[in-house]
Each structure stands twice: as structure tokens, then as C-alpha cells.
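Input: a single structure, listed below in C-alpha cells.
What you see is a predicted model, and the numbers here were worked out from it, not measured in a lab.
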Amino acid sequence: MSILRPGDEKFHYSDGSHKWIPPDPDYEQEVWDEQVRQHKHGHLKNERPKVRIHRLV
């Protein structure tokens, strides 16, 4: 599960999914896409692995 920080709510709907359409119709879509991409990358950096892999030696 990701950690939501203050300010992250502008990138999420109430169900936790990401907003791919800018909230302001005058906002450039390309700029918004890059901001969402960076925001999602931040989730990945803070995420713990969901599965622990054990190697048999």
C-alpha cells in the first residue's frame, strides 16, 4: 500500500485511483501527465515489496 502525503489528494479520486485528466480545463495535458507520472514514481519508491522471495541454496 502506498503512503499518501499532504498535497497528494490532487492526484487521486476518492476511491484512491489516479486522475489522468487535469482538474483545470486550461491546464496542459502533457504537463499534467508528467506530474502524475512523477507522483506515481513516488509511490513506487515508498512501496515495500509485497512478496518476500526466499532462495533455496
List for me each residue that meets side-chain hydrogen bond (donor to acceptor under 3.5 Å, both in side chains) alongside Gln29, sequence neighbours excluded, and say none if there are none.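 In terms of side-chain hydrogen bond (donor to acceptor under 3.5 Å, both in side chains), with neighbours along the sequence ignored, Gln29 is linked to Asp33.
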
Give the table of side-chain donor-acceptor pairs shorter than 3.5 Å for residues 16-24, with sequence neighbours excluded, one pair per line with atom names and distance.
{"unit_1": "Ser17", "atom_1": "OG", "unit_2": "Asp15", "atom_2": "OD1", "d": "2.6"}
{"unit_1": "His18", "atom_1": "NE2", "unit_2": "His39", "atom_2": "NE2", "d": "3.4"}
{"unit_1": "His18", "atom_1": "NE2", "unit_2": "His43", "atom_2": "NE2", "d": "3.3"}
{"unit_1": "Asp24", "atom_1": "OD1", "unit_2": "Asp26", "atom_2": "N", "d": "3.0"}

Quick check: do Gln38 and Phe11 have side-chain heavy atoms less than 4.5 Å from each other? no

